[in-house]
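Residue numbers count from 1 along this sequence.
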Amino acid sequence: MIDTKSWFCDNIKKLENGMYRLSYSILRNESDVEDAVQETICRAYKELENLKDKRKFKPWIYRILQNTSIEILNGKKYCLNIEDENIQENKIDIDTNLTIWNAIQKLDNPYRTVITLFYYEDLSIKEISTITGSKVDAIKKQLSRGREKIKEIIKI
């Protein structure tokens with residue numbers, strides 16, 4: 001018999017970087033991201049018995065994380081730090097992954113979230129559809145438009 005607590009912890013460890021990336025793509029504030037991830041872990045553990053198919057843990061917890069991040073975003077007045085927005089504005093180097101990540105962060109939602117889930121978390125379009133609550137065709141269109149916007153940002 002599998003110990004539920006250790007199974008949960010093992011899976012959270014595997015997904016912690018991806019959870020951070022997803023939440024950051026929505027919140028863009030490190031302390032809020034930490035709060036969202038922590039809150040998600042607590043909520044998920046409390047609701048773990050409701051997860052019928054353990055193989056669907058990743059999209060399930062990402063859905064909880066997305067909802068938690070949006071709750072945090074909507075629950076506060078969000079202030080943009082102008083300095084943070086302009087740091088990389090004229091220093092784009094298309095040869096690094098960091099440059100692509102910075103370009104993704106300049107996208108508006110839902111493009112930022114969909115691109116993050118598809119390329120960084122290796123989720124299928126169907127899984128992203130489940131997580132975001134959007135239709136598969138909408139996800140495909142968001143991916144396509146997001147890629148075009150990234151090309152514009154890094155001027156490929």
Side-chain angles (χ1 to χ4, degrees), residues 11-44 47-48 50-81 84-89 91-156:
N11 279 282
I12 291 295
K13 284 231 180 273
K14 290 176 189 173
L15 299 176
E16 64 186 343
N17 290 332
M19 291 174 68
Y20 179 88
R21 280 191 297 264
L22 172 59
S23 186
Y24 193 86
S25 76
I26 297 167
L27 294 169
R28 299 172 132 185
N29 176 303
E30 198 141 340
S31 63
D32 288 342
V33 169
E34 290 170 1
D35 290 344
V37 171
Q38 184 175 10
E39 179 64 22
T40 296
I41 293 169
C42 291
R43 286 181 183 181
E47 296 296 321
L48 191 57
N50 295 330
L51 178 63
K52 304 294 182 225
D53 185 352
K54 300 275 193 230
R55 295 172 298 181
K56 295 185 179 181
F57 180 78
K58 186 175 182 178
W60 177 76
I61 198 156
Y62 279 11
R63 175 67 181 215
I64 295 170
L65 178 61
Q66 179 186 19
N67 291 338
T68 303
S69 297
I70 289 170
E71 285 173 17
I72 289 172
L73 185 64
N74 291 337
K76 61 189 298 187
K77 292 184 179 179
Y78 195 73
C79 298
L80 288 177
N81 183 343
D84 288 345
E85 292 296 310
N86 293 323
I87 288 175
Q88 293 296 325
E89 192 71 21
K91 298 179 183 177
I92 296 178
D93 175 8
I94 61 172
D95 294 329
T96 65
N97 288 333
L98 183 57
T99 299
I100 295 171
W101 178 250
N102 287 336
I104 291 168
Q105 294 311 305
K106 291 180 182 181
L107 296 175
D108 292 328
N109 261 329
Y111 308 114
R112 190 173 57 245
T113 299
V114 170
I115 293 281
T116 300
L117 290 171
F118 188 77
Y119 288 104
Y120 288 89
E121 301 311 315
D122 296 321
L123 292 173
S124 70
I125 290 172
K126 186 175 180 184
E127 289 171 321
I128 296 169
S129 172
T130 301
I131 291 166
T132 63
S134 299
K135 294 182 179 180
V136 169
D137 288 339
I139 299 300
K140 289 178 183 178
K141 186 165 278 207
Q142 291 164 0
L143 278 170
S144 176
R145 288 181 180 163
R147 286 188 287 259
E148 290 301 315
K149 290 177 182 287
I150 290 170
K151 287 178 186 177
E152 289 173 16
I153 291 168
I154 59 178
K155 297 174 181 41
I156 291 180

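- Not one N or O on the side chain of Ser134 forms a donor-acceptor pair closer than 3.5 Å with the backbone of Ser129.
- Distance check, rounded to the nearest 0.5 Å: CD of Glu71 to CD1 of Ile26 gives 11.0 Å.
- Closest approach of Glu127 and Pro59 over heavy atoms only: OE2-CG, 4.1 Å.
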Hey, mind stepping through Lys151 and Glu148 against side-chain contact (heavy atoms from CB on, under 4.5 Å) and telling me if it holds? CA-CA 5 Å; Lys151 287 178 186 177; Glu148 290 301 315; 3.7 Å; yes
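- Gln142 is listed as a side-chain neighbour of Ile139, based on a closest heavy-atom distance under 4.5 Å.
- Atom CG of residue Asp35 and atom OG of residue Ser69 lie 10.0 Å apart, to the nearest 0.5 angstrom.
- Put simply, the side chain of Met19 reaches to within 4.5 Å of the side chain of Thr40, judged on heavy atoms.
- Here the CG atom belonging to Leu22 is positioned 6.5 Å from the CD atom belonging to Gln66, to the nearest 0.5 angstrom.
- The two residues Ser23 and Leu65 make their nearest non-hydrogen contact at CB-CD1, 4.0 Å.
- A salt bridge links Arg43 to Glu39: at least one charged side-chain nitrogen sits closer than 4.0 Å to a carboxylate oxygen.
- One finds the CG atom of Asp32 at 12.5 Å from the OG1 atom of Thr68 (value rounded to the nearest 0.5 Å).
- In this structure, Tyr24 and Tyr20 have parallel ring planes: the angle between them is below the 30° cut-off, well short of the 60° mark.
- Dense packing is recorded around NZ of Lys54, with more than 12 heavy atoms of other residues, nucleotides or ligands lying under 6.0 Å away.
- No side-chain donor-acceptor contact under 3.5 Å links Arg145 to the backbone of Tyr111.
- The side-chain heavy atoms of Tyr119 and Ile100, taken from C-beta on, include no pair separated by under 4.5 Å.
- Under a 4.0 Å N-O distance rule, the pair Glu152/Lys149 does not qualify as a salt bridge.
- Between Lys135 and Asp137 there is no salt bridge, since no side-chain N of the basic residue sits under 4.0 Å from a carboxylate O of the acidic one.
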side-chain contact (heavy atoms from CB on, under 4.5 Å) evaluation trace for Lys58 with Glu121: CA-CA 9 Å; Lys58 186 175 182 178; Glu121 301 311 315; 4.2 Å; yes
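- Tyr62 is not listed as a side-chain neighbour of Thr116, based on a closest heavy-atom distance of 4.5 Å or more.
- Using a 4.5 Å heavy-atom threshold, the side chains of Ile115 and Arg147 count as touching.
- To the nearest 0.5 Å, the span separating CD1 on Ile64 from CD1 on Ile131 amounts to 10.5 Å.
- With a 4.5 Å cut-off on side-chain heavy atoms, Leu107 and Ile153 count as touching.
- Under the 4.5 Å side-chain criterion, counting only non-hydrogen atoms from C-beta, Leu15 is in contact with Phe57.
- The closest donor-acceptor contact from the side chain of Thr132 to the backbone of Ile128 lies under 3.5 Å.
- At a threshold of 4.5 Å between non-hydrogen side-chain atoms, the residues Trp60 and Leu48 count as touching.
- Interatomic distance, Ile41 CD1 to Glu16 CD, rounded to the nearest 0.5 Å: 8.0 Å.
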